[in-house]
Visitor: 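Have a look at this one before I ask anything.
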There are 2 protein chains.
Amino acid sequence: MMRVGARTIGRMSGNREYIMITAGRPATLDDVARAAGVSRSTASRVIAGTGFASPVARERVRTAADRLGYVPNTAARALVRGGGVRLLVAVAGTSPAVLDDSYVDQVVSAAARVCAPHGLGVTVQWLPLDAPGLLTRLTADRAVAGLVLVNTTSALLDLVPLRLRGRAVSIGIGSATVPSVDIDNAGGTGSLVRHLYAGGRRRIAMVTGPRWLACADRSVQAYRRLLGDAGLPTREVVGDFSAARGRAAAREVLRRWPDTDAIVGISDATALGVISQLRADSVRVPDDVAVTGFDDIPLASATALTTASHPVRRIATAAATMVLEQRPKPDRTLFPSAPVLRESA
Amino acid sequence: MMRVGARTIGRMSGNREYIMITAGRPATLDDVARAAGVSRSTASRVIAGTGFASPVARERVRTAADRLGYVPNTAARALVRGGGVRLLVAVAGTSPAVLDDSYVDQVVSAAARVCAPHGLGVTVQWLPLDAPGLLTRLTADRAVAGLVLVNTTSALLDLVPLRLRGRAVSIGIGSATVPSVDIDNAGGTGSLVRHLYAGGRRRIAMVTGPRWLACADRSVQAYRRLLGDAGLPTREVVGDFSAARGRAAAREVLRRWPDTDAIVGISDATALGVISQLRADSVRVPDDVAVTGFDDIPLASATALTTASHPVRRIATAAATMVLEQRPKPDRTLFPSAPVLRESA
DNA sequence: GATTGTGCTGGTAGCGCTTCCAGGTGTGTG
DNA sequence: CACACACCTGGAAGCGCTACCAGCACAATC
């Protein structure tokens, strides 16, 4: 057996000594139990804080654990408790490039932060829309303690295994069995469209997102509803959230409806693409055509883009927290999206 | 015992059926072994691809595993192999706010992506500079399979436990025992200073980063060396990477050295802060004062900021890969930083 | 004095997996 | 024909932990 060495190297805040294992392996519960002169069961009860333990035993175990710098092995604990050891963030999309996105970065990072105190790790995976078996495969690993789905479809949601019911949350669309957390796309887009209308715009076009994406669809629905209520015709061009498609879409809008006086972008990137194309065509923004985005990315404030807020970090934190705490949750949690009025509209 | 149900729901690419566990728990190795009519040992050998197995056994195990949708429990595997189950990204800094940073987001996200195929999760933790015991505590959990340190100090590096030697990489400063991956700060800053000099600037100031941060220091050293070589005096103000400090620093620079004709920012955020302050003071950029940043964030291209590239994702991917593959690695890997010349300098 | 509790304890059986080892076969060599 | 030497197999021991359970002491009740 290896030696378990320990040496005091300083003091923590609160004036309790902390320990560094200087040699050998980290201490195990067995080491602690032996050092405290109790059984492993008792030590476990004290450390985990479950079940009975006499004050004397408690004290001795605590001291021994401190002295040895004992930290429970979360993997072993998860194994026996059947709890799993990591949270899976699955991002649906047509190509693995969906992961190269600051949106995904924020979701993953926020999730990792929430998971840290629980000893859970986070993993990201691209989920191709046409290979539904992958989700099943990925979640078959019992090490997966929870699931956060991003940009998912309802077909994908139905494949979430029973084992993960109550431990899965979707950022975006939800289902009967999988609750969802999302930004209020309809509200955000709606307030922007109303703002355009109030500013006198009547020929309002929209560059939408991919059709399969439900959250994009909700923005489009809001746009249609408002224009319909006002008795205005809709003008839609399909985009894909990218600036490049935004440029192309702007060209198409002007070709098909040259008198357009406002363009609603499904995202800030789309809107920025639209603006750059308009500028290239010597169309003045917002004088000739007003443009709005969605997300309020840092670039938006720098470019004075009128947009709607999208607190990604808070949403992701909420999603991860729901998964970890498994608290009784409403089917759908919507975060408000506030209009951010700047110069482009 | 629970039933292990399986139902065919489709076909994977390659025309092999895939399976969905419709009820009960995910299949275990025992289930597979029983279904294949071999012992657990044999099944394990086939699945893990280690040791002997007859073609017949191999085939039967593979089939059974496929049929049951078996996926190894990475947590259990890690436990017995002693390998750990997650990678820890520890970000040093003076406050937990260091985690609210797109830089950290990118590092975490990239790490999570690299870890996914290995069945490892990722966790982020803030590492206070004044509580070194925390690193020891965090790494005492055997579930921690590897360590990526960000913005660390050499004092912190010395606390990396022996167990993690060879499984720890620092993004930034390195040490004798912990290799490092980093951007070539000196090269990037150097090329910008040379560019300023070539443009006729002779009174070049710099807004630096926090003193304790080694990577920031290397930029400053390069700045000093180049100015020294040219026989020019240095003009330094301490910043902290933020735009707010950038603004304040710009004021200070102009107060102390009113004839300054160029300001080198330690980061793009710093530079943007500097520029906004200069504009507020009716100082023309770049006519009166040229300004450079560092990082080439998306905002930089939108604001025409001259800067130096910083491929964070690639660096983080490299770091995580080094940890996972434990390959013999050089002490220090430097990624080149290319100057990105735009309008601000 | 027999009975019921209450508080606490350690033994033991696993969680799902790998790995070592003793013990098989079957084929090639002396 | 004995022997070695592949190749292959299943049993069993454990990774570090929790959880169940029988059992202990001691006090309180009838």
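A, B, ... follow the sequence lines: proteins, then strands. Residue 1 opens every chain. We use all heavy atoms of the structure for the numbers below, so side chains are in, but hydrogens, waters and symmetry mates are not.
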Visitor: If you measure from CD1 on Ile47(B) to OG1 on Thr42(B), what distance do you get to the nearest 0.5 Å?
Guide: 11.5 Å
Visitor: If I take atom CD in residue Glu59(B) and atom P in nucleotide dT9(D), what distance separates them, rounded to the nearest angstrom?
Guide: 13 Å
Visitor: Check the distance between dG23(D)'s C1' and Phe52(A)'s CZ and give it to me in whole angstrom.
Guide: 15 Å
Visitor: Is Ser44(A) near enough to dC17(D) that one of its side-chain N or O atoms lies under 4.0 angstrom from OP1 or OP2?
Guide: no
Visitor: May I ask you to say what Ala57(A) touches in the nucleic acid, namely base, sugar-phosphate or nothing, with a heavy-atom cut-off under 4.0 Å?
Guide: sugar-phosphate
Visitor: Looking only at non-hydrogen atoms, find the nearest pair between Ala168(A) and Val178(A) and report the distance.
Guide: O-CG1, 3.8 Å
Visitor: Please state how far atom CG in Leu29(A) lies from atom P in dG14(C), giving the value in whole angstrom units.
Guide: 20 Å
Visitor: Taking Ala36(B)'s backbone N and O only, do any of them form a donor-acceptor pair with Arg60(B)'s side chain (distance below 3.5 Å, no angle check)?
Guide: yes
Visitor: As an exercise, state the distance from OG1 of Thr139(A) to CG of Leu162(A), rounded to the nearest 0.5 Å.
Guide: 11.0 Å
Visitor: Without decimals, in angstroms, what is the distance between Arg60(B) CZ and dC8(D) C1'?
Guide: 14 Å
Visitor: Among the nucleotides dG10(D), dT9(C), dC8(C), which one has an atom lying closest to any side-chain atom of Pro55(A)?
Guide: dC8(C)
Visitor: Quick one: do Gln125(B) and Leu88(B) satisfy side-chain contact (heavy atoms from CB on, under 4.5 Å)? Show the steps, please.
Guide: CA-CA 7 Å; Gln125(B) 284 273 7; Leu88(B) 175 62; 3.7 Å; yes
Visitor: dG16(D) C1' sits how many Å from Arg163(B) CZ, rounded?
Guide: 13 Å
Visitor: Quick one: closest heavy-atom pair of Thr28(B) and Arg25(B), and the distance?
Guide: CG2-NH1, 3.9 Å
Visitor: Taking C-beta and beyond as the side chain, do Leu120(B) and Arg86(B) meet within less than 4.5 Å on heavy atoms?
Guide: no
Visitor: If you compare all heavy atoms of Ala110(A) against all heavy atoms of Thr317(A), which two are closest, and at what distance to 0.1 Å?
Guide: CB-OG1, 3.7 Å
Visitor: Please determine if a side-chain N or O atom of Ser54(A) lies less than 4.0 Å away from the OP1 or OP2 oxygen of dT9(C).
Guide: yes
Visitor: Give me the distances for all protein-to-nucleotides 13-15 of chain D N/O pairs that come in under 3.5 Å?
Guide:
from    : atom 1 : to       : atom 2 : distance (Å)
dC15(D) : O2     : Val80(B) : N      : 3.4

Visitor: Find the distance Arg77(A):CZ to dG14(C):P and express it as a whole number of Å.
Guide: 22 Å
Visitor: Whole Å only: how far is the CG atom of Asn73(A) from the C1' atom of dT18(D)?
Guide: 13 Å
Visitor: What distance do Leu87(A) atom CG and Thr123(A) atom OG1 have between them, rounded to the nearest 0.5 Å?
Guide: 9.0 Å
Visitor: How is Ala53(B) classified with respect to the nucleic acid when contacts are heavy atoms under 4.0 Å: base, sugar-phosphate, or nothing?
Guide: sugar-phosphate
Visitor: So does Ser41(A) reach the base of dA19(D) with its side chain, donor to acceptor, closer than 3.5 Å?
Guide: yes
Visitor: Classify the side chain of Arg45(B) versus the base of dG10(D) as yes if they form a donor-acceptor pair under 3.5 Å and no if they do not.
Guide: yes
Visitor: Report which part of the nucleic acid Ala75(B) touches: base, sugar-phosphate, or nothing (heavy-atom distance under 4.0 Å, all strands).
Guide: nothing
Visitor: Distance check needed: dG10(C) C1' versus Asp30(A) CG, whole Å only.
Guide: 13 Å
Visitor: What protein N or O atoms touch nucleotides 22-25 of chain C N or O atoms at under 3.5 angstrom, if any, and at what distances?
Guide:
none

Visitor: May I have the step-by-step check of side-chain contact (heavy atoms from CB on, under 4.5 Å) for Ile173(A) and Ser180(A), ending in yes or no?
Guide: CA-CA 6 Å; Ile173(A) 193 181; Ser180(A) 68; over 6 Å; no
